[in-house]
Structures are given as structure tokens and as C-alpha cells.
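Structure first, commentary second.
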Amino acid sequence: MHDDATAPEQSRALAPDWLAEPDDPNDLAAGVWPASAHRAGDGALVIAGIPAPELAREFGTPVLVLDEDEVRARARGALAAFGDAAARHGGRARVYYAGKAFLSTEVARWMIDAGLNVDVCSAGELAVALAADVPPARIGFHGNNKRVFELERAVEAGIGTIIVDSEIEIERLAAITERLDRRQSVLIRVNSGVHAETHSFLATAHEDQKFGFTLEAAERAAERVHELPLVDLAGLHCHIGSQIFGTGGFRESASRVLELHARLLEAGILGEDPVLNLGGGFGIAYTRADTPTPIAELASGIVDAVADECAVRGIDLPVLAFEPGRSIVGTPGVTLYEVGTTKTVTVGEGERRYVSVDGGMSDNARPALYGAQYSARLASREGTDAPVLSRVVGLHCESGDVVVDHEYLPGDVTPGDLLAVPATGAYCAPLASNYNHVPRPPVVAVSDGRARIIVRGERIEDLLARDAGIDPVPAVRAGEGEE
Ligand code: LLP
């Protein structure tokens, strides 16, 4: 027994309602981990055939491990789900992978292999997609403030679709297409008034955000685009939010946007094969309390509703497009950390174990930014003691530096153990920072017993190199596990 052993009732006192005490604090909840994750005979967590201790030895900690086969399978699954749902109504669907969730040239290639397109939202993401040889026609470009040089680059590169977000942007595109004498196809981003929150949707406060045109403004924007000689209106776009579990918000939004779509068709402003892009936002499970709808079910729920609406309006089903990000890369990602210290605090009648790991808000800002909940398991072995309510925290100089707010971990978690946090494949690496001059960790793709770096980790030297007052940059001894 450890000095800081916690009695079960004290441990439960601080637990939130949604967190059930597990019978076995070493189990791997279905749906939260990559399908390949399991425990080896010695208890170590194995992902895509590689034991976590091996990954930690080779790449150091923290490290973001991405199960390549699962990413590819989820990409194919999304395309099949939306494609099949549309085909049942005699229609077609395209899927754009939302690169903001996590983009590297490798991941972009996996998407193209799977038959998806790629959605980018900055010159940087566009450069990654082009460096990965994504055919420009298969790129969509988003953003409420695309800079003029970004629009020029996109038009020059011949990218398939620019999703326009403001009147000013339309005029900029008019000028750029004329100057470069190039045609450009666009979608108009509509703010449908449906703002989805996780698990529910509200039809309020819709004007008060920065993206898109209101339905009325979108109609004027469409008329304006129609006048331009080199800008082609391909259709309408709307995205209602992220980490959404049901279909209600999508259906309501689609219904509102279809009304405008139908009016534009009637006015002859929308041409052949118009597109309706309904964005991304399909939720995933971060903890066992999350129960997302399977993608095939979501896809048919949304597409059937769109088809019904089209039938009522007497119009053809548009070419449908979707932009999933999180639901493709989120679950395949697992972050490995090493435990550095543990301590137990008493709060009133309750007790909580603090488990400090060698990363934190610099590699996963989501708990600090959004109050996002995660889960965790021992990865180097199975624990033997009863579960205690734990909070996994990082090494940053901030009390909000939480990795996993509430989790039952075995009472014998100890310095040197490896801890794994699942569902970190989306919006963790892209939101990473160098807070406290902590280098960002590598991203390692694992498949069939093999591991390779797809994004290199930083070293302290890389950070010093940005400091204009340091020249030359001195060698800094690498930490354990660093290259
Ligand atoms: N399409 C558009 C226009 C978007 O703005 C987004 C996400 C997506 C597609 C992809 O959504 P997904 O399928 O990945 O939910 N950083 C936040 C999420 C921000 C999402 C921004 N837009 C987070 O970590 O939860």
C-alpha cells in the first residue's frame, strides 16, 4: 500500500456524476481507443501491434501515436457512409477531410488514397496539402479572413473550391481572377442560424459570430457572384459546430439553407450540379460517458432529411459535401506521457490524487480551452491497487494545466509509469504551443507493428533559434528520450 492510499468513499466524494467507478481501472473502453488497442500478456498497452513502452523508448515522451490503419479506415468509412446514403436517393456525396483537425503531408496522402478531398484554412495548410501532391482540384479553402496573398495562391494553384465568407472577399476574388485571368469556383458560406452545441442545438444568437453570410445576405452575395465573369457559384455551404452527437441541428440547418438553394435555382443563379456542403462536426467519444452516433447512421439521418426536403420542394438532390475532421483522426490518436510525481489532496470529505505527467496544456490545450474531458489508463503495465479518483495534470506553471480532469486510475500509479490518453488525434497537435519553452512532441504513425515519425518533435535548440538575442544557439543537452 502507498502512503497516500485513499479510501473508496473519500475518492468518490469528488467524482462528477458522469464518471462511473470502473470495476477494473485497467480496462480499455470500447469506442474511446483505437480498435487495435489491447493489453499484452505483461499488461502493457499495445497499439497497432507495438507495446507502449517500446514507443516511449524509441520516441521519448510525450509522444502522439496515430494508428494509421484506423485513420485510413475512418476516412473510407466516412466516404462510404455519405456516398451510400446519397446513392440511395440517386445522388452523390463528396467528403473533404478538415485538415485543421490534424494535418501533415502523410495524413493528406492517406485522405487522397481513401478517395477524400482536403479542406484547408490557411496558406500554411494549403502549402502542406500541395506538398503532399493533393490534386489542387480536390482542395477546398475556408476562412473568414483569407488574406489577399492566400487567395492569389489558391487561384494560381487552381484549387477546386473557395468557400467565400464576406462581401469584401468576393470583390477581392473578382479582382484576382481578372488579374490572373483564371476562373475560380466558389461556395457561399451561410450562417443558417442554427448554432449547434455539443449534444443539442439552439437557434439563437446566430448573428453574433464571425463566420458566413446570413441567409438574406447570402442571397445578395450569390447575385453578386453571378455577375462576375470569372467566379463561378458552385453552391452553398454551412457548418453548424463541432463535437455534435445528433442529426437534429444538421437537418434544421439543411432545411433553412435548402430554401435559399431552391430560390437560387429558380432564379437561374445556381448552375449544373449545384453543391450543398453541410460541413463537419461529427462527435467522438472522449470518455465512456460519450455515446456518439455511428457515422453511417448520422449520414443516413442527414441525407434522408435533405432528400425529403428536396422532394417537398420539387428539386433534385444537390451534390452533397461534408467536412469531417475530428471523427477521422480523433480516436486513432493516443498520447503517451511519463508520470513524474503523484500527490493526494484532501478537499472537505473527499480526496483526489494528482498525477503529474511530462506534458500538459502545451500538447493538449483542449481541457484548458474548452473544459474538454478526457480519459486515461496506465500504459506500461496494469495497476494492481483499487481505483482512486485522479486528476492528470501537466508540468506547466498554471493550475489550469489539466490533461484529464476526472479519472479513476489504479492506486499504485507511480513515477516512471507510462500513462496513455486516448482520443487525442484531433485538435491537440494543431493547437500545441511552446508555453514555458516546452518543445512540441513528435507525431508517430503506427501500423502493423511498425512505427515512424510523421511530424518531428522540437528540441530546446529549435526554440532558442527563434530568440534574436541568442547567436549562435548553444547546444542544449537533449532530455531523456529526445533524439
Ligand atoms: N468545416 C468547417 C468549416 C469547420 O470550421 C470545421 C471545424 C470543420 C469542418 C471540422 O469539424 P470537425 O468535424 O473536426 O468537428 N478546436 C476545437 C474545434 C474547432 C472546430 C473548428 N472548425 C476543438 O478542439 O474542439
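Quick note: residue numbers are just sequence positions, from 1. In each ligand, atom 1 is the first atom listed, and ligand 1 is the first ligand listed.
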Q.
Using a 4.0 Å cut-off to any heavy atom of Gly281, which atoms of ligand 1 qualify?
A. 11 (O), 12 (P), 13 (O), 15 (O)
Q) In the protein, what heavy atom is nearest to atom 8 (C) of ligand 1, and what distance, to one decimal place, separates them? A) His239 CE1, 3.4 Å
(Q) Closer than 4.0 angstrom, basic N to acidic O: yes or no for Arg147 and Glu150? (A) yes
Q) Who's the nearest protein heavy-atom neighbour of atom 15 (O) of ligand 1, and how far? A) Ser242 OG, 2.3 Å
Q | Lys/Arg N to Asp/Glu carboxylate O, Glu407 vs Arg377, below 4.0 Å | A | yes
Q. Should the ring pair Phe322 and Phe282 be called parallel, tilted or perpendicular, given that the plane angle runs from 0 to 90° and is split at 30 and 60?
A. tilted
Q) What atoms of ligand 1 come within less than 4.0 Å of a heavy atom belonging to Gly325? A) 12 (P), 13 (O), 14 (O)
**Q.** Atom of Ser104, atom of Val128 and distance for their closest heavy-atom approach
**A.** C-CG1, 3.6 Å
Q | ligand 1 to His142 polar contact by distance, N or O atoms, under 3.5 Å | A | no
Q: For Arg189, take its heavy atoms, then give the atoms of ligand 1 lying under 4.0 Å from any of them.
A: 3 (C)
Q) Of the backbone atoms (N, CA, C, O) and the side-chain heavy atoms from C-beta on, which set of Tyr370 has a member under 4.0 Å from an atom of ligand 1: side chain, backbone, both, or neither? A) side chain
Q.
Is the contact between Pro324 and ligand 1 made by the side chain, the backbone, both, or neither, using heavy atoms and a 4.0 Å cut-off?
A. backbone
(Q) I need the atoms of ligand 1 closer than 4.0 Å to a non-hydrogen atom of Ala98, numbered in the order shown. (A) 8 (C), 9 (C), 10 (C)
Q) For residues 273-288, which residue pairs qualify under salt bridge (Lys or Arg N to Asp or Glu O under 4.0 Å), counting only residues two or more places apart or in two chains? A) Asp27-Arg288, Arg92-Asp273
Q) When you check the gap from the basic side-chain N to the acidic O, do Glu227 and Arg224 get nearer than 4.0 Å? A) yes
Q. To which protein heavy atom is atom 20 (C) of ligand 1 closest, and what is the distance rounded to 0.1 Å?
A. Tyr427 OH, 3.7 Å
Q: Run the salt-bridge test on Glu68 and Arg452 with the 4.0 Å N-O cut-off and return the result as yes or no.
A: yes
Q) For atom 18 (C) of ligand 1, which protein heavy atom lies nearest, and how many Å away is it? A) Arg326 NH2, 3.7 Å
Q | Distance-only side-chain donor-acceptor flag, Tyr370 / Gln243, under 3.5 Å | A | no
Taking only distance into account, with no hydrogens and no angle test, what donor-acceptor pairs under 3.5 Å do side-chain atoms of residues 257-265 form with protein atoms, sequence neighbours excluded?
| residue | atom | partner | partner atom | Å |
| --- | --- | --- | --- | --- |
| Arg263 | NE | Glu219 | OE1 | 3.2 |
| Arg263 | NE | Glu219 | OE2 | 3.2 |
| Arg263 | NH2 | Glu219 | OE1 | 2.9 |

Q.
Could you identify the single nearest non-hydrogen protein atom to atom 22 (N) of ligand 1 and state the distance to 0.1 Å?
A. Lys100 CD, 3.6 Å
Q) Nearest protein heavy-atom contact for atom 24 (O) of ligand 1: which residue, which atom, what distance? A) Arg366 NE, 2.5 Å
Q: Please report which non-hydrogen protein atom sits nearest to atom 1 (N) of ligand 1, along with the residue it belongs to and the distance in Å to one decimal place.
A: Glu323 OE1, 2.7 Å
